[in-house]
Structures are given as C-alpha cells and as structure tokens.
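Structure, as structure tokens:
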Amino acid sequence: MQKFYETPQNYPETRPASQRKADFDEIYQQFADEKAQQQSERCLQCGVPFCQVHCPLHNNIPDWLRYTAEGRLRDAYEMAASTNNFPEICGRICPQDRLCEGNCVVQSGFGAITIGSIEQYVTDKAWEQGWITPFMPPSERAQSVGIIGSGPAGMAAAQQMREAGYQVHLYDRYPTAGGLMMHGIPNFKLDKTIVTRRVEQYQQSGVVFHQGVDIGTTMSFAQLRGQHDALLIATGVYRARGLDLEGEHKENVVKALDFLTQHNKGIFESSEVEARLSAAGKIVMVIGGGDTAMDCVRTAIRQGAKRVMCVYRRDKKNMPGSQREVKNAEDEGVEFRWLSVPVRFYGAQRVEAVDVQAMRLGAPDRSGRSSPTPIEGEVAQLSVDMVITALGFEPEALPTLFAEPQLRVSKAGTLQVDKQMMTSLHGVFAAGDIVRGASLVVWAIADGRDVAQHMMHFMEQQRECAA
Ligand code: FAD
Ligand code: SF4
Ligand code: SF4
C-alpha cells in the first residue's frame with residue numbers, strides 16, 4: 001500500500017469519442033485485474049479516512065482497497081456490499097469528485113485514489129463469479145410493508161426489510177422497476193442490464209413487484225394503506241421546472257425527462273422513439289447546466305443530431321453539473337454557450353429561433369455562487385429545430401394526489417418527516433428525493449437503508465402491542 005508517489009493515478013480507459021458517439025453503450029471500459037490492484041495499492045490507509053466520511057453511505061473504503069490490493073476480491077466485495085445495496089451502480093454514477101474522491105487526502109498533488117472505479121470493478125467481478133445471490137431471510141414474518149416507488153430509495157429499503165423476513169411489496173407506476181436508474185439515467189452512463197439483474201435478484205429473494213400501479217390513480221392511497229402494516233413513500237420528484245417564456249409549450253419544446261424517458265424506453269423495449277422526442281437530424285438547444293442537461297446533450301449527439309448546443313447562464317466553473325460529464329460532452333462535440341440565457345422564442349407553430357442574452361457574473365447569490373446579470377445589447381439569435389429544457393425538478397402535490405390533506409409538506413412540496421422518518425400520517429414513512437428534493441442515487445440508498453431501520457422498529461412495537 002501507500003504507493004501513490006510511485007504509481008500514477010489511472011482511471012479505466014474511455015472509448016474514443018468517435019466510436020462511443022455512434023452507440024449507446026457505456027463509455028468506460030473495465031479495469032484490468034492488475035490495474036485495479038495497482039490503483040488500490042496507492043491508498044495511504046488513513047487513520048481518519050476522509051473518503052469514508054464524505055461518502056453518504058460511509059463505505060469502508062480503505063478496507064476494500066486493501067483487500068483488492070491483496071487480491072482478496074471476494075472479501076473486497078463483501079465489505080463493499082455490507083454498506084451499499086448497489087456498489088456497482090454507485091461506482092459508475094456517483095459524482096466521486098464531489099464525494100469520496102474529492103476528499104481523498106492524496107487528491108492534491110498526486111490525484112485521488114480511483115475509488116469509484118475500484119468499487120465498480122470488485123462488484124462486477126462478484127457478479128461474474130456468481131458471488132451475488134438472492135438474499136433469503138432466516139425466517140419469515142407475517143407483517144407486510146408497502147413501498148410506493150421502486151427507485152433506489154424504495155429498493156434499498158425493500159432489501160433491508162426483506163432480509164429481516166418481512167413481506168415486502170413494491171408498487172410503481174412504470175412498467176419496469178428501478179426508478180430514475182432505469183428511466184432517467186442514460187444507458188451510456190449506466191447500462192440497463194445492470195439494473196434489471198438487481199431487480200431479478202430481488203424477485204428471487206421474495207420481494208413482490210407490482211408494476212404499472214399508479215397510487216392515487218389506479219389504486220387509492222387509502223386502499224394501499226389498508227393492505228399493509230407500514231407504508232413507505234419513495235416516489236421521487238418528477239415535475240419539471242418551467243422556463244417562463246412565451247412559446248415554451250410549443251410542440252418542439254421538450255422537457256428533459258420526457259426526452260430521456262422515451263429514449264431509455266426505446267432501448268430496453270427496442271421500440272422507436274416518437275419523432276417529436278427524437279433529436280435525429282435536428283439542431284438542438286438544451287437549456288440548463290446540471291447533470292440532466294449533460295445527459296440530454298449527450299443523448300442528442302448519439303441520436304444523430306445535426307448540431308447540439310448547451311445554453312447555461314453561468315460559466316463553466318460555476319455550473320452544477322460534474323466537470324467529468326462536461327468534458328465527456330465536449331469531447332463528443334457538444335457546443336457550450338456559457339453565460340447565456342434564452343430570452344425569446346420565434347416561430348408560429350414551432351420554435352424556429354431563440355434570442356440568447358449574454359450575461360456577466362456579479363456578486364454571489366444565496367447559494368454562494370456568482371449571480372449572472374445581462375450585458376445590455378448583447379443578444380444573439382440562434383436557429384433551432386428542437387429545444388430541451390433541463391431546469392430541475394419539483395415534487396408532485398402528493399396530499400392532493402393521495403387524497404390525504406393531512407400529509408404535511410414543505411413549501412417546496414417535499415414530504416416532511418420526523419426523526420424516525422415518519423410523515424404526519426401514522427405508520428407512513430418517506431425517503432429519497434421526495435424528502436430531500438432532487439438529489440443523488442447514493443443519498444437515496446442511504447435514506448432507504450435508514451428508513452428501513454425505523455420501519456422495522458415501528459413494526460416491532462406494533463407487534464408487541466398486539467401481543
Ligand atoms: P426515483 O428514482 O425517482 O424513483 C421513484 C419511483 O417512484 C419511480 O419509479 C416512479 O415511477 C415511482 N412513482 C412516483 N410516483 C408514483 C405513484 N404515485 N405511484 C406509483 N409509483 C410512483 N444521480 C446520481 O447519483 N448520478 C447520476 O448520474 C444521476 N443522473 C441523473 C440523470 C437524470 C436525467 C436524472 C433525472 C436524475 C439523475 N440522478 C443521478 C438523480 C437520481 O436518479 C435520483 O436522485 C434518484 O433516482 C432518486 O431516487 P428515489 O428512489 O428517491 O426516486
Ligand atoms: Fe464514492 Fe459513491 Fe462509492 Fe461512496 S458510494 S464510495 S461516494 S462512489
Ligand atoms: Fe485511501 Fe484516500 Fe481514503 Fe486515505 S482518503 S484512506 S488515501 S482513499
């Protein structure tokens with residue numbers, strides 16, 4: 001170990017941009033065994049590992065790195081899986097530069113230990129070797145839980161409770177499970193078979209999936225509540241923020257999630273993407289600077305767009321999206337127009353051109369980032385065939401949808417929970433984006449694991465009261 005000064009930092013190879021633009025496959029290649037071992041040996045084995053402190057799951061990173069360095073891959077996998085339900089997914093899509101790797105002490109001067117890639121490597125190996133099997137409970141319990149939403153929060157909670165023997169039922173409005181891991185995040189970041197093999201593992205473990213059930217529409221919340229001893233709401237946030245520009249409802253102005261969801265559905269159902277939602281042959285403008293915007297521009301490139309522009313009101317340094325994703329997008333041919341805001345759409349039936357106002361950065365706003373102000377007279381007109389808006393997400397009005405006016409929500413519409421993660425309705429818990437607001441898969445997993453502990457404690461108390 002401690003070889004960071006003699007072994008340079010090395011990430012898995014990226015496929016050349018010219019090749020990866022032509023398909024929807026993942027862009028990173030797998031570490032070779034020897035390389036994973038060498039990269040793990042770079043770790044200092046810190047007494048107080050900041051990488052672990054800043055991982056939302058507090059993964060025991062130094063230990064799995066040591067096991068990998070020693071060639072003990074099964075131990076490395078067991079260690080990674082003891083705190084994380086989906087290590088192979090987090091290894092692929094966590095913004096490591098903001099979490100574990102961004103806080104690795106070797107980061108400055110030598111380059112962080114490539115933690116995410118090694119986490120992915122050991123878990124992919126575990127799948128290859130058949131070490132990942134159904135999680136069967138030692139004994140069955142009669143009590144049952146209903147979970148609304150089969151995204152990472154709902155699934156992580158489901159595993160924790162099923163392992164303890166509870167009867168776990170997941171309800172989701174989509175026909176396939178996985179939440180945004182399946183429907184939002186593109187295949188070139190997270191191959192869909194990686195999610196579906198987890199769903200199969202859950203099914204084999206006795207977790208019951210009820211897909212295509214929209215709570216509040218096809219089944220009432222009250223009916224569901226009557227069927228289970230405890231409920232978890234893990235419905236995520238899906239309502240797209242608007243632009244507030246005249247013309248934003250024209251048919252060629254498309255919401256990011258509609259675009260990505262259709263596209264992902266096209267991949268796992270091998271179906272045609274609706275023409276309105278396809279970027280093929282079009283000049284595309286994506287508005288926004290977060291990771292969703294990056295997913296849209298890179299999907300548009302792969303669909304065969306003629307030209308793809310990303311318009312963002314701040315500069316590159318101040319954008320919320322991961323710098324790694326921006327670099328990937330630039331390599332794939334996306335044009336970034338920093339410090340730019342769309343101010344006017346032109347066109348009768350469809351938007352045909354957009355006025356884009358140039359901005360300069362002023363004093364920091366409440367978020368601590370410089371706030372953009374317009375530069376008078378600097379407006380450019382750009383021709384477009386399709387506009388994709390990626391300006392963030394808000395929760396649906398759940399008290400109305402669920403016909404439960406007592407369900408307490410914050411001003412932003414997220415669910416309010418107490419210290420036990422219980423909502424204002426007795427025995428109804430909540431976790432993931434619907435509580436935090438739009439966040440990350442790793443936080444949803446952490447919340448799912450936490451809420452499962454509280455729900456099991458609640459059910460234990462109910463059982464004792466009944467006895
Ligand atoms: P979700 O994953 O949203 O799952 C909620 C589930 O609830 C869905 O399946 C939905 O169908 C279901 N549901 C909702 N309402 C109902 C209802 N009434 N009845 C039945 N079912 C219902 N995070 C990262 O860490 N890395 C990334 O690279 C990344 N990329 C992203 C890219 C995009 C385009 C988007 C939109 C998000 C991305 N995220 C990323 C964020 C991440 O996907 C979310 O933070 C995470 O999935 C939230 O998990 P969740 O379980 O709370 O909700
Ligand atoms: Fe890093 Fe995410 Fe893995 Fe934690 S779960 S160690 S933050 S990649
Ligand atoms: Fe290893 Fe970096 Fe974590 Fe220290 S902070 S234990 S060097 S990965």
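Counting from 1, the numbers follow the sequence of the chain as shown. Both backbone and side-chain heavy atoms feed into the values below; hydrogens, waters and symmetry mates do not. Just follow the structure's listing: the first ligand is 1, and inside any ligand the first atom is 1.
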Check: [X] N/O within less than 3.5 Å of ligand 1 N/O:
X	result
F393	no
D291	no
G184	no
A153	yes

Checklist line | Side-chain ion pair, K189 and D295, N-O less than 4.0 Å | finding: yes

Notebook entry, point to check: For T217, is the nearest heavy atom under 4.0 Å from an atom of ligand 1?
Noted result: no

Item checked: Shortest reach to atom 3 (Fe) of ligand 3 by a heavy atom, considering only C51, C104, C46 -> C51

Next item on the list: Could you check which of C296, P152, A256, G151 puts a non-hydrogen atom nearest to atom 47 (O) of ligand 1?
Entry: P152

Item checked: N, O or S of C43 under 2.8 Å from atom 3 (Fe) of ligand 3 -> no

Record the part of [X] in heavy-atom contact with ligand 1 below 4.0 Å; permitted values are side chain, backbone, both and neither.
X	answer
A444	side chain
Y238	side chain
I434	neither
K189	side chain

Notebook entry, point to check: Between the side chains of Y67 and N60, does any donor sit under 3.5 Å from an acceptor?
Noted result: no

Checklist line | Subset of ligand 2 atoms that lie under 4.0 Å from at least one heavy atom of V442 | finding: 5 (S)

Note to self: Suppose I only count heavy atoms of V213 and a 4.0 Å limit; which atoms of ligand 1 are within that range?
What the structure shows: 19 (N), 20 (C)

